[in-house]
2 protein chains.
Amino acid sequence: MFKLSKMADYSIVLLSRMSKAEDLLSTSELAEETQLSEATVAKIMRLLVKAEIVSSIRGAQGGYRLAVLPENLSAGDIITAIDGPKALTACTDDGAGECILIKNSAMAMRLQKINGAVKNALHNISLKDLYV
Amino acid sequence: MFKLSKMADYSIVLLSRMSKAEDLLSTSELAEETQLSEATVAKIMRLLVKAEIVSSIRGAQGGYRLAVLPENLSAGDIITAIDGPKALTACTDDGAGECILIKNSAMAMRLQKINGAVKNALHNISLKDLYV
DNA sequence: ATAAACCATACCAATTTTGTATGATTTATA
DNA sequence: TATAAATCATACAAAATTGGTATGGTTTAT
Ligand code: FES
Ligand code: FES
């Protein structure tokens with residue numbers, strides 16, 4: 001039905017691993033433990049840092065650490081961080097794109113219902129639910 | 001977050017139009033009213049027929065008609081019909097593909113939670129909710 | 001100073017999605 | 001029964017997205 005992107009999947013694996021560790025974890029450590037390439041791990045971690053889901057320490061002996069408690073981190077937050085905050089419908093992507101099918105589209109509002117329902121559902125699942 | 005495919009979006013527009021009509025609607029009529037190309041409408045209608053969401057009458061004077069009451073047709077049904085019944089996670093696509101990251105993956109079961117939540121949410125929205 | 005790490009960006013390859021084209025089959029009707 | 005109106009089946013190319021990698025720059029402990 002809705003396919004979770006590989007990247008989002010990977011990120012859940014990484015975050016699950018991080019929720020076990022108290023100390024910092026570097027890209028190479030994470031890559032080794034998860035069998036992902038360093039480049040891929042690095043790409044994902046950058047997105048998670050931007051979304052303030054993990055915090056980073058630069059320089060030697062640096063690494064990443066969860067910035068949020070697993071029970072306060074929702075699946076929706078994670079997926080949004082990785083795949084972007086694109087709306088559910090193509091029509092409401094941005095205000096610029098006119099709706100071709102229905103003028104002054106009331107349809108768009110209806111589709112927001114779908115989007116809202118999905119968002120809500122994913123908001124109610126925490127990383128802790130996924131990991132424990 | 002989750003992007004509704006254009007095809008699924010189109011299909012909701014088409015089904016909304018059909019829920020207004022008592023009589024049969026042909027591909028060309030639907031195309032004209034929705035501003036979609038006939039080929040695209042035809043492609044979508046075939047999928048909806050296969051999913052038994054609409055019924056079709058072949059031959060001259062033929063066309064399509066809703067096979068289900070709008071209040072009994074869920075967004076999940078529609079999206080599944082158009083985009084396929086792919087699972088939410090890449091890992092659980094089919095039994096054949098081994099999980100590379102975590103052996104004997106318990107993770108897959110966790111990800112089913114996400115899938116289940118989304119499915120459930122979309123099951124609770126009917127075409128009538130979207131159209132009315 | 002050096003090495004270990006994160007950061008930023010750009011890029012190509014692979015996959016998926018969109019959209020169209022072509023021909024075959026069915027059936028109402030003149 | 002011939003014709004036209006319509007669905008059905010399949011195949012395919014173009015476009016968009018996603019997955020994954022490479023390169024070079026910046027920060028910081030030792
Ligand atoms: S085109 Fe899909 S809502 Fe307007
Ligand atoms: S690789 Fe994603 S659950 Fe195993």
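Convention: sequence-line order gives letters A, B, ...; per-chain numbering from 1. Quick note: numbers below take in every heavy atom, side chains included, and nothing from hydrogens, waters or symmetry partners.
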Rounding to a whole Å, what distance do you find between A/Leu36:CG and D/dG19:P? 12 Å

For atom CD of A/Glu29 and atom P of C/dA5, their distance in whole Å: 7 Å

Assign a letter to each nucleotide of nucleotides 20-30 of chain D from its 5' end: B, base within under 4.0 Å of a protein heavy atom; S, sugar-phosphate only; -, no contact. BB---BBBBS-

Partner residues of A/Thr40 under the side chain to side chain contact (heavy atoms under 4.5 Å, CB included) criterion, sequence neighbours left out: A/Met7, A/Tyr10, A/Ser37, A/Ile44

Identify all side-chain donor-acceptor contacts of residues 52-75 of chain B below 3.5 Å with residues at least two apart in sequence or on another chain.
from    : atom 1 : to      : atom 2 : distance (Å)
B/Ser74 : OG     : B/Gly76 : N      : 3.4
B/Ser74 : OG     : B/Asp77 : N      : 3.0
B/Ser74 : OG     : B/Asp77 : OD1    : 3.4
B/Ser74 : OG     : B/Asp77 : OD2    : 3.1

Which pairs pass side-chain hydrogen bond (donor to acceptor under 3.5 Å, both in side chains) with one or both residues in residues 22-32 of chain A, sequence neighbours excluded? A/Ser26-A/Ser28, A/Ser26-A/Glu29

Expressed as a whole number of angstroms, how long is the span from B/Lys50:NZ to D/dT7:P? 16 Å

Tell me, please, which residues at least two apart from B/Lys20 pass side chain to side chain contact (heavy atoms under 4.5 Å, CB included). B/Arg17, B/Tyr131

Check whether A/Val49 and A/Leu30 end up in the same hydrophobic cluster, where Ile, Leu, Val, Met, Phe, Trp and Tyr are linked by side-chain heavy atoms less than 4.5 Å apart. yes

Any side-chain N or O of B/Thr27 under 4.0 Å from OP1/OP2 of D/dT7? yes

In whole angstroms, the gap separating P of D/dC8 from CG of B/Leu47 amounts to 11 Å

Interatomic distance where CD1 belongs to A/Ile82 and P belongs to D/dG19 [whole Å]: 10 Å

Taken to the nearest whole Å, CG/B/Leu24 to C1'/C/dT26 is 15 Å

Taking only N and O in the side chain of A/Ser56, is any of them less than 4.0 Å away from OP1 or OP2 of C/dC7? yes

Just how far, in rounded Å, is P of D/dA6 from CZ of B/Arg65? 15 Å

Listed by chain and number, what are the side-chain hydrogen bond (donor to acceptor under 3.5 Å, both in side chains) partners of B/Ser19, not counting sequence neighbours? none

